[in-house]
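Every chain is numbered from 1, with letters handed out A, B, ... down the list of sequences.
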2 protein chains.
Amino acid sequence: MKNTLKVERAILDLTQDELAQRIGVSRQTINSIETNRYVPSTVLSLKLSAVFGKSVNAIFSLEEGD
Amino acid sequence: MKNTLKVERAILDLTQDELAQRIGVSRQTINSIETNRYVPSTVLSLKLSAVFGKSVNAIFSLEEGD
DNA sequence: TTATTTTGTAAAGTAAACTTTACATTCTAA
DNA sequence: TTAGAATGTAAAGTTTACTTTACAAAATAA
């Protein structure tokens with residue numbers, strides 16, 4: 001699964017740490033999602049969706065092998 | 001987090017088992033999501049989104065306490 | 001360049017997703 | 001009413017999300 005977190009974060013000019021705080025997770029969690037080290041829960045992706053004002057489907061998308 | 005799985009499943013006339021097979025998870029996984037016993041991964045919710053032809057945000061939504 | 005901020009990643013621990021097996025209950029069809 | 005299908009749930013095991021702590025590398029600002 002790929003994601004556009006880095007771009008969305010740039011649009012809002014947020015650091016990984018600032019985004020993490022807004023959502024209530026650790027900075028490493030954001031970093032790990034951004035670098036595809038793990039897949040977030042749906043609750044987490046809905047929170048990211050809310051922060052960025054975009055749908056989960058606009059932020060995350062399936063890839064070969066998912 | 002709440003979800004509309006039961007309704008979407010009814011629209012497509014799918015059993016929990018049939019839905020599970022389409023997505024590649026166990027029947028218990030679908031049942032557990034439907035009965036709010038756990039939160040699916042974003043990969044799983046994207047697959048449900050694809051099967052139902054609706055956005056993740058249309059199927060899942062945050063509640064108080066999420 | 002030097003200091004500071006941001007990012008990447010690792011390790012160890014906890015919590016939760018997801019599996020298989022299994023069984024009881026509920027629903028539906030004959 | 002009886003049989004079979006669908007659903008709910010539980011237990012035990014595996015995998016993975018997510019935490020905290022910690023440190024190095026990269027980017028940015030002075």
Side-chain N or O of [X] versus OP1/OP2 of [N]: is the shortest distance under 4.0 Å?
X	N	value
Asn31(A)	dG8(C)	yes
Gln16(A)	dG8(C)	yes
Arg9(A)	dT7(C)	yes

Taking all heavy atoms of Ala58(A) and all of Lys54(A), pick out the closest pair and write down the distance.
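Smallest heavy-atom distance, with atoms named: CB-CB, 4.3 Å.
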From C-beta outward on [X], which listed nucleotide comes closest to its side chain: [options]?
X	options	result
Pro40(A)	dG8(D), dC18(D), dG8(C)	dC18(D)
Gln28(A)	dT9(C), dT20(C), dG8(C)	dT9(C)
Arg27(B)	dA17(D), dT9(D), dG8(C)	dT9(D)

Nearest whole Å is fine: how far is [N] [atom2] from [X] [atom1]?
X	N	atom1	atom2	answer
Asn36(A)	dT16(D)	CG	P	15 Å
Tyr38(B)	dT16(D)	OH	P	14 Å
Ile23(B)	dC18(C)	CD1	P	11 Å
Glu34(A)	dA26(D)	CD	C1'	15 Å
Leu12(B)	dA6(D)	CG	C1'	17 Å
Ile30(B)	dT9(D)	CD1	P	16 Å

So how far is it from Phe52(A) CZ to Leu19(A) CG, rounded to the nearest 0.5 Å?
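Answer for the CZ-CG pair, Phe52(A) versus Leu19(A), is 4.5 Å.
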Just by modelled atom types, is the Val56(B) backbone N or O under 3.5 Å from a matching donor or acceptor in the Asn57(A) side chain?
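Checked: pair present.
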Sub-3.5 Å donor-acceptor pair from the side chain of Asp66(B) to the main-chain atoms of Met1(B), do we have one?
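Yes; at least one donor-acceptor contact below 3.5 Å.
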Remember a base hit wins even if backbone is also touched, and classify Thr15(B) as base, sugar-phosphate or nothing at under 4.0 Å, heavy atoms.
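Sugar-phosphate, backbone atoms only, no base.
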Mind checking Ser41(B) for me? I need base, sugar-phosphate or nothing, with any heavy atom below 4.0 Å counting as a touch.
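Contact class for Ser41(B): sugar-phosphate only.
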With Leu5(A), which of Thr35(A), Ile30(A), Asn31(A) fulfils side-chain contact (heavy atoms from CB on, under 4.5 Å)?
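So the option named by the test is Ile30(A).
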